[in-house]
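To start, the structure itself, in structure tokens.
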2 protein chains.
Amino acid sequence: MADIDRSLVRALPLFNKLSDAELDRLLASATMRRVGMGEAVFEQGQKADRFFLLLHGRLKVTQVTADGQQIIVRMVHPGDIFGFAKALQRDDYPGTPTASAESVVICWPTEVWGLFVEQNPHLAVNAMQTIGQRLQEAHTRIREMATEEVERRVAHAVLRLVEQAGKTEGTGIRIDFQISRQDIAEMTGTTLHTVSRILSAWEAKGLVEGGRQKLLVRDTAGLQILAEGQAD
Amino acid sequence: MADIDRSLVRALPLFNKLSDAELDRLLASATMRRVGMGEAVFEQGQKADRFFLLLHGRLKVTQVTADGQQIIVRMVHPGDIFGFAKALQRDDYPGTPTASAESVVICWPTEVWGLFVEQNPHLAVNAMQTIGQRLQEAHTRIREMATEEVERRVAHAVLRLVEQAGKTEGTGIRIDFQISRQDIAEMTGTTLHTVSRILSAWEAKGLVEGGRQKLLVRDTAGLQILAEGQAD
DNA sequence: CGCATTCGTTGCGCCAGGACAAAGACCCTC
DNA sequence: GAGGGTCTTTGTCCTGGCGCAACGAATGCG
């Protein structure tokens, strides 16, 4: 197996207080794994015995409700940790992370975390901040779902994707992984049909350019207006 | 000012790894404060220079959106910490905690937190778990808002209140603080009117008993069925 | 290259629940 | 105990967006 790219891990805020030696020790106990498109890293409900870090690629974390509906809880971007259920006193994983692009993850047995935090209080503080960040994102989403109409929610979701996974390309900004209308629907709490309609309308206005599993944003500012204002 | 009830603080999971001496030191730097009904502990947007612990009473944490709509982000129950924005690298408070009952809080300057965590790694781990708990609650709520209809969401919200603030009373379980239909609406992302209608219907079925700023649940199991199933 | 599968688009009807409105019910204050 | 403020209930209307359905387009596979 290829070596893990240390400089990439080094740069993560989560590990910014670790010495090189400590980081090496941490990496020594890590395992690397490739995850192909559409493949799941682990399954919802499975016993949580590892925690993960995404090196390359994208994952979407889904939850399935009792009555079979699916939602996307969040996207995982390179450098994000995920599957830290055990650190939050859960025994099983609450969701399923699935690759939306060819991905590479590294993982540790959960015990390693406990041992490591003992010796590195900073790590716990950083982890808390990371999780805190997630909490704030979650609250933002709750606020949006409670107060905004579908079109604005979709606009916000797309803008977020642009920020986190935007890749400048000739005529605009490409979302850098395969994303279907269904995915966007599951991120915004609506239906595939409605998303399709909204995107079609946006395409007519020249805001975006669609495509199968693709999305190219041409007018970020225009979307911003839709997301914020009452404008039309 | 009256003394802080040590046994109450002692019992909190957050502090369960601290020695009595450490706890005393922590309490020594704390300030106590009474908060009357409807009074805010701090305001959204204010500089985050303290963090808090609720000893007695109830707080509702609200956020106001740019266009003036309000939502209730969460309820704070005795023993919960709140206002820990600074620990999550925010400089201001993202919401406003307002007393829904006569309350007593204690607070520390944010610097104390940093100092204390240095010396007590366990505290950071516990704090992480506490915040992780919040994150999971937030995800649950996102899932509900995305997939469930209003009546089910209200049922879930009420059941949660029963769990966290239920007080057995002759004919059922009382929600132990002042709560208006408006509040429930802001917790579930709907309108006061819809909540009123739903509660009226439930009252007709004998599930609950209403009243001004009051709510008494008579049939928890019945609500559970509404919350879970497709039942009618 | 043809077939199957998955993904996207679009039209139409319908209804949950929001907007608006107005009238009680309760509480507090003076 | 009268009056004003807040909270609640209930009615009516209206619409955003969901469900259903059918078709079209792109991709992958044998």
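Throughout, protein chains are lettered first and strands after them, A, B, ... in sequence-line order, and every chain is numbered starting at 1. Predicted model, so just to flag it, every value in this text is computed and none were measured.
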For A:Lys167, all residues meeting side-chain contact (heavy atoms from CB on, under 4.5 Å), sequence neighbours excluded: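 Testing A:Lys167 for side-chain contact (heavy atoms from CB on, under 4.5 Å), a comparison that skips the adjacent residues, returns A:Arg174, A:Asp176.
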Just how far, in rounded Å, is [atom2] of [N] from [atom1] of [X]?
X	N	atom1	atom2	value
A:Gln69	D:dC18	CD	P	11 Å
A:Glu186	D:dC18	CD	P	13 Å
B:Met145	D:dC18	CE	C1'	17 Å
B:Glu151	C:dG18	CD	P	13 Å
A:Gln178	D:dA26	CD	P	16 Å
B:Glu209	C:dA25	CD	P	17 Å

Contact under 4.0 Å: A:Thr190 side-chain N or O vs D:dC18 OP1/OP2: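 It does, given that an N or O in the side chain of A:Thr190 lies less than 4.0 Å from OP1 or OP2 of D:dC18.
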Going by the angle between their ring planes, with limits at 30° and 60°, are A:Phe52 and A:Phe42 parallel, tilted or perpendicular?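 Taking A:Phe42 first and then A:Phe52, their aromatic rings sit tilted (interplane angle of 30° to 60°).
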Provide the full list of ring-ring contact (aromatic ring centres under 6.0 Å, His included) pairs with a residue in residues 137-179 of chain B, sequence neighbours left out, each pair given once.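 Those involving residues 137-179 of chain B do not exist here.
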Can you list every side-chain hydrogen bond (donor to acceptor under 3.5 Å, both in side chains) pair that touches residues 93-106 of chain A, not counting sequence neighbours?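 Residue pairs passing side-chain hydrogen bond (donor to acceptor under 3.5 Å, both in side chains), neighbours aside: none found.
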Can you give me every donor-acceptor pair (side chain of residues 206-218 of chain A, partner residue at least two apart or in another chain, under 3.5 Å) with its distance?
{"residue": "A:Glu209", "atom": "OE2", "partner": "A:Arg218", "partner atom": "NH1", "Å": "2.5"}
{"residue": "A:Gln213", "atom": "NE2", "partner": "A:Gln178", "partner atom": "OE1", "Å": "3.2"}

Using a 4.0 Å cut-off on protein heavy atoms (strictly under), produce a 5'-to-3' string for nucleotides 2-12 of chain C with B for base contact, S for backbone-only sugar-phosphate contact, and - for none. ----BBSBBBB
Report, one line per pair, each donor and acceptor closer than 3.5 Å where one atom sits in a side chain of residues 78-88 of chain A; sequence neighbours left out.
{"residue": "A:Asp80", "atom": "OD2", "partner": "A:His77", "partner atom": "N", "Å": "3.0"}

